[in-house]
Amino acid sequence: KIYCSTKVNITITKENLFKFTTVELSHNHDLEPEIYKWHNFFRGPTFEEKAKVLKMLSIGTTPRTLTTMMREEIPNFQTKSIYNIKSKKEREISQQRKHLNLFFEHIKADQNWTTTYSTNITQ
């Protein structure tokens, strides 16, 4: 840590406007672009890395093995990123299934439709 004293505090007013309540822009270090690569915003996986993680998970690669593989290319790759990507994908799939089930329930309830469907999915 470099204990930089720079800070910006922002509050939202009752009128939904942003108000800068504290602005201290003095730094105790040089402002080098290199320093920002460690900021949280830049630590997350890229779209391509997320796609690679999902592909590897889909073929049964364990998170531990996947972390080792990803760290060969990205030394600071975080294991928690794998679990976050996996969890987000599972939530997306769950939402898609929920919407499909609602759609099919609607169709079944509509007397003008004749439907046959199964929830058993085979690949």
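One is the number of the first residue; the rest follow in order along the sequence.
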Which residues pass the side-chain contact (heavy atoms from CB on, under 4.5 Å) test with [X], not counting sequence neighbours?
{"X": "T68", "value": "none"}
{"X": "E49", "value": "P45, T46, M70, I74"}
{"X": "S26", "value": "S5, E24"}
{"X": "F20", "value": "V8, I10, V23"}

Separation of F77 CZ from M69 CE (nearest 0.5 Å): 10.5 Å
Atom pair CZ (F47) and NZ (K50), whose distance is rounded to the nearest 0.5 Å: 9.0 Å
Residue pairs involving residues 5-23 (criterion salt bridge (charged side-chain N to carboxylate O under 4.0 Å, His left out); sequence neighbours excluded): none
Salt bridge (charged side-chain N to carboxylate O under 4.0 Å, His left out): pairs with one or both residues in residues 57-71, sequence neighbours excluded: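 Those involving residues 57-71 do not exist here.
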side-chain hydrogen bond (donor to acceptor under 3.5 Å, both in side chains) involving T61 - partner list, sequence neighbours excluded: none
Test side-chain hydrogen bond (donor to acceptor under 3.5 Å, both in side chains) applied to N9 - qualifying residues, sequence neighbours left out: T22
Could you give the side-chain donor-acceptor pairs of residues 82-95 under 3.5 Å, partners two or more places apart or in another chain?
| from | atom 1 | to | atom 2 | distance (Å) |
| --- | --- | --- | --- | --- |
| N84 | ND2 | K80 | O | 3.3 |
| S87 | OG | R91 | NH1 | 2.8 |

Salt bridge (Lys or Arg N to Asp or Glu O under 4.0 Å) involving E73 - partner list, sequence neighbours excluded: K52
